[in-house]
Number of protein chains: 2
Amino acid sequence: MSYAVSMSTVASRREQYSQATRAALLAAATRRFAEQGFAGTALEDIAADIQATRGAIYHHFANKTALFQAVFEELEHDALEQSAAAAARGKDPWEAAFLALDVFLERCCDPVYGKIVWQEGPIAFGWPQWLAAEEALAYGFIQRLLSDLMETGQLERQPLQTTTRLVFGMLNAAGMTLADAPEPAKPQLKTEYLTMIGRMASALRPQPSPAFE
Amino acid sequence: MSYAVSMSTVASRREQYSQATRAALLAAATRRFAEQGFAGTALEDIAADIQATRGAIYHHFANKTALFQAVFEELEHDALEQSAAAAARGKDPWEAAFLALDVFLERCCDPVYGKIVWQEGPIAFGWPQWLAAEEALAYGFIQRLLSDLMETGQLERQPLQTTTRLVFGMLNAAGMTLADAPEPAKPQLKTEYLTMIGRMASALRPQPSPAFE
DNA sequence: TCTGTCACATACACAATGTATGTCCTATGC
DNA sequence: GCATAGGACATACATTGTGTATGTGACAGA
């Protein structure tokens, strides 16, 4: 190979190896956590997948929860980026919200994402801390979308927190269900959730005046 | 100890003592699980609360999960009974649903119920098994309410499973939030959730002129 | 080539669950 | 009454998994 110095600063040989094992650990942990859950996964097994020992894990991560958090944040960060990109393509706040919703549901059809972020997340962190983590991620994103809708008068001015939590709860349900569903049933389920969530959210439009769109 | 007056007919002295410790274990476990969570509670501590040892626990329950399940089912069974009683007072399916919702939200203001059933439940059982347990309890109850509404033409005939999961998801969010909320904020929050959930559910009423996009 | 340090491996301490066994007390048959 | 069986626990032990402390070999810099 060539002198591929892709990193900003010189990536010394040792650093490269180190980052490679770290990435491998993340990949192995992702698979294990998705398949066996957080509690059901022993760090020993993750290390063995890499042909390493738990020492490697504890060198790179403070503890089991920190490892899970790294996995979690990587997945959720990517998903959020995709949703945000989709939302940006919307011409108005409503279209933005629906585009984001569509991408989100699509993302949840990946069982790894759905299981880790929506099922195992609250288990690993505990619900309150999971919600706290989400405030900076999906939850916060939803809140901003809803806030935009309210500010522009396209959504009835309801208590923002409560509205956000309810929408979040619906997405939660959708995500978990899609993550658990058998592969062939997913497309059908996805459109069902898309429609129904849309209907419910539309109930909060100022004056439903159905004659006009 | 004095010669206690024999209570019910066939309760031998040993059985009485046994049932008393079992009940005490349930009470102690309920408190511990609610305060420290499932994972954060050691069986040793529960036993110590009763001035007993873990042997007593393992005599009455198969394992830690079974103990939690007993606590869980006791709470959820009572809550469900109250909701069902409220629903029975409704004159039509819609009123029944709203009365049940009101009682449910009130019940969630008890942090013990909210924490154990809605927060710790999925943690202790794992989400899929938690949902499976709920199929016979709150989840199943909601499904019957919605099914009634659809059968009588008071709710648009939407996919029942999907609708149920979404409503369940909203109740989930409401329950968790109320369980976590500081005491003085609860009444206000409760009315907010009552209103908003009502609004969203009403979006599924058959509309004379449905708006389409 | 020497040395310090980084990336791990090894070894150990500890906490918690679950199981196997022991013990006392109560109910019951004679 | 007494002997015996079984139930309600307590005690002791095995196992598993996390987290920490210490050791070691390779790589970078001098």
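Letters A, B, ... mirror the listed sequences (proteins, then strands); counts begin at 1.
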Are any side-chain N or O atoms of [X] and backbone N or O atoms of [Y], one a donor and one an acceptor, separated by less than 3.5 Å?
X	Y	result
R199(A)	A203(B)	yes
T162(A)	E192(B)	no
K64(B)	T41(B)	yes

The helix from dT1(C)-dA30(D) to dC30(C)-dG1(D): angle between end helix axes, five pairs per end, rounded to 10 degrees: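 What I find for the helix from dT1(C)-dA30(D) to dC30(C)-dG1(D) is an axis angle of 10°.
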Close side-chain approach of [X] and [Y], heavy atoms under 4.5 Å:
X	Y	result
D180(A)	P128(B)	yes
L105(B)	L101(B)	yes
D102(B)	K190(B)	yes
F141(A)	L145(A)	yes
I46(A)	L67(A)	yes
T163(B)	M150(B)	yes

Pairs under 3.5 Å (N/O, protein and nucleotides 24-30 of chain D):
unit_1	atom_1	unit_2	atom_2	d
dA28(D)	OP1	R13(A)	N	3.1

Atom [atom1] of [X] and atom [atom2] of [N]: how far apart are they, to the nearest Å?
X	N	atom1	atom2	value
Q19(B)	dC9(D)	CD	P	11 Å
I57(B)	dA10(D)	CD1	P	10 Å
R54(A)	dA21(D)	CZ	C1'	13 Å
Y58(B)	dT19(C)	OH	C1'	9 Å
H60(A)	dC8(C)	NE2	P	4 Å

Under 4.0 angstrom between H59(B) side-chain N/O and dC9(D) OP1 or OP2: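 Answer is no, no contact under 4.0 Å.
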Check residues 164-173 of chain A and write down every donor-acceptor pair under 3.5 Å in which the side-chain atom is one partner and the other belongs to a residue at least two apart or another chain.
unit_1	atom_1	unit_2	atom_2	d
T164(A)	OG1	L160(A)	O	2.6
R165(A)	NE	Y139(A)	OH	3.2
R165(A)	NH1	T177(B)	OG1	3.1

Check: F68(B) ring centroid to F61(B) ring centroid under 6.0 Å: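 No; F61(B) has its ring centre 6.0 Å or more from that of F68(B).
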Considering only residues two or more places apart or on different chains, which pairs with a residue in residues 114-136 of chain A satisfy side chain to side chain donor-acceptor pair (under 3.5 Å)?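 Side chain to side chain donor-acceptor pair (under 3.5 Å) check on residues 114-136 of chain A returns Y113(A)-W118(A).
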Name the closest nucleotide to the [X] side chain, picking from [options].
X	options	value
T53(B)	dT20(D), dC8(C), dA10(D)	dA10(D)
T21(B)	dT18(D), dC9(D), dT19(C)	dC9(D)
A52(A)	dT20(D), dA9(C), dC13(D)	dA9(C)
A56(B)	dT20(D), dC8(C), dA10(D)	dA10(D)

Does E35(A) pair with R32(A) as a salt bridge, N-O distance under 4.0 Å?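 R32(A) and E35(A): not salt-bridged.
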What residues from residues 62-74 of chain A pass a heavy-atom cutoff of under 4.0 Å to DNA chain D?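 Residues of residues 62-74 of chain A under 4.0 Å from DNA chain D: N63(A), K64(A).
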Near DNA chain C, which residues from residues 24-48 of chain B have a heavy atom under 4.0 Å away?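 DNA chain C contact set from residues 24-48 of chain B: T41(B), A42(B), L43(B).
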Should Q82(B) and F104(B) be marked as a side-chain contact (heavy atoms from CB on, under 4.5 Å) after you check the CA-CA gap, both sets of side-chain angles, and the distance that decides it? CA-CA 8 Å; Q82(B) 296 178 27; F104(B) 166 77; over 6 Å; no
Contact class for S18(B) (heavy atom, under 4.0 Å): base, sugar-phosphate, or nothing? sugar-phosphate
